[in-house]
2 protein chains.
Amino acid sequence: MGMEATVWPTTLPEDLRAHLPEGLADGVFPAGCPSRTVLDHITSKWGVLILLALSEGEQRWSELRRRAEGISEKMLAQTLKTLERDGLVLRKAQPVIPPRVDYSLTERGYELSGLLVPLVAWAYNNADDILNGQR
Amino acid sequence: MGMEATVWPTTLPEDLRAHLPEGLADGVFPAGCPSRTVLDHITSKWGVLILLALSEGEQRWSELRRRAEGISEKMLAQTLKTLERDGLVLRKAQPVIPPRVDYSLTERGYELSGLLVPLVAWAYNNADDILNGQR
DNA sequence: TAAGGTACTCACCTTTTGGTAAGTTATGGG
DNA sequence: CCCATAACTTACCAAAAGGTGAGTACCTTA
């Protein structure tokens with residue numbers, strides 16, 4: 001009897017770590033590595049929000065502005081451009097006046113959003129506990 | 001016959017979206033929302049790498065420096081402090097000389113790393129395709 | 001006595017990121 | 001003729017992130 005510490009695994013279960021590629025298995029992420037660049041894009045403040053919004057389906061510029069609350073036009077343009085270059089977002093512009101542009105996820109972007117959504121949901125669900133528990 | 005476009009779902013499957021909390025279901029992330037803060041911490045450049053490294057188990061300061069290749073001492077200290085305050089990382093300091101400090105994931109941090117690892121692995125696996133496909 | 005080891009902190013400076021407000025385009029409507 | 005509209009671009013400035021190098025603490029070993 002007496003106090004007993006709660007115990008949980010100290011490393012990830014084998015089946016999860018088994019899916020890690022080689023050079024990553026020891027937790028080392030080489031500095032110049034291309035994956036660092038990609039990781040920066042997809043975990044950027046606005047990148048996450050845009051990908052999340054687009055996981056709800058095709059949307060216009062103005063709709064994206066509304067959903068990623070607080071984003072400036074400059075950052076929206078910049079973020080969309082990066083995601084488009086990365087092949088995660090598809091831009092369809094119709095030659096009408098006033099202009100109409102629809103954004104959607106590519107197949108790759110769609111695949112990614114499947115990983116991003118649980119992460120965002122986790123942050124959303126744990127945010128209050130995390131920030132309240134600080135002295 | 002002729003050309004046929006590859007088709008994939010344009011929104012996430014119902015069972016995934018069903019796990020999204022209320023206010024998130026329409027893809028809107030309120031600007032002042034606490035989850036924005038938490039999301040920024042866990043998707044920060046160095047935060048991701050530290051959490052990833054720690055998913056391999058308890059590690060010392062110097063070992064973390066090595067694994068998060070390229071990080072400066074200043075940023076390592078800062079990132080660890082944030083993650084510790086957020087209750088994701090546990091710091092155990094031993095009063096010996098020279099000092100010895102071990103860092104590990106808390107239960108909450110461990111839970112999080114289960115979502116982060118697939119994301120990082122995805123970035124690692126797709127990085128070359130993504131960066132090569134740009135003109 | 002002096003050097004070495006570990007985990008930091010601090011001050012200073014550079015680089016990157018991001019916001020603001022204005023300008024652009026082309027057309028249809030009043 | 002002029003304004004509104006949607007989707008941007010640009011120039012300029014402020015703020016935040018991040019790097020560098022020095023300093024600190026304390027004991028052990030040479």
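Below, chain A is the first sequence line, B the second, and so on; all start at residue 1.
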Test: side chain to side chain donor-acceptor pair (under 3.5 Å). Region: residues 37-50 of chain A. Which pairs qualify, not counting sequence neighbours?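 Pairs touching residues 37-50 of chain A that pass the test: A:His41-A:Asp86.
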task: Anything under 4.0 Å to a heavy atom of chain A counts; send over the first and last such nucleotide of DNA chain C, read 5' to 3'.
output: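 Counting from the 5' end, contacts occupy C:dG18 to C:dT27.
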* To do: Please work out if B:Arg91 contacts a base, only the sugar-phosphate, or nothing of the nucleic acid, heavy-atom cut-off 4.0 Å.
  =>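 B:Arg91: backbone/sugar contact only, no base atoms under 4.0 Å.
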Any chance you could measure [X], atom [atom1], to [Y], atom [atom2], to the nearest 0.5 Å?
X       : Y        : atom1 : atom2 : result
A:Leu88 : B:Ile130 : CG    : CD1   : 5.0 Å
A:Met75 : A:Leu80  : CE    : CG    : 10.5 Å
A:Arg91 : A:Thr106 : CZ    : OG1   : 15.5 Å
A:Leu52 : A:Ser113 : CG    : OG    : 8.5 Å

In plain terms, say whether A:Arg108 and A:Glu111 are close enough for a salt bridge, that is, a side-chain N and a carboxylate O under 4.0 Å apart.
->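 The answer is no: the pair does not qualify as a salt bridge.
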**Prompt:** Salt-bridged, A:Glu84 to A:Lys81, with N to O below 4.0 Å?
**Reply:**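 No, A:Glu84 and A:Lys81 are not salt-bridged.
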Once base and sugar-phosphate atoms are separated, protein heavy atoms under 4.0 Å mark nucleotides 18-30 of chain D, 5' to 3', with B, S and - as BBB-----BB---
For D:dA7, does either OP1 or OP2 sit under 4.0 Å from a side-chain N or O belonging to A:Arg60?
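Checking D:dA7 against A:Arg60, a side-chain N or O does come within under 4.0 Å of OP1 or OP2.
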| task | Locate the shortest heavy-atom distance separating A:Leu115 from B:Trp122; write the atom from each residue and the value. | result |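 Minimum heavy-atom separation between A:Leu115 and B:Trp122: CD1-CB, 3.5 Å.
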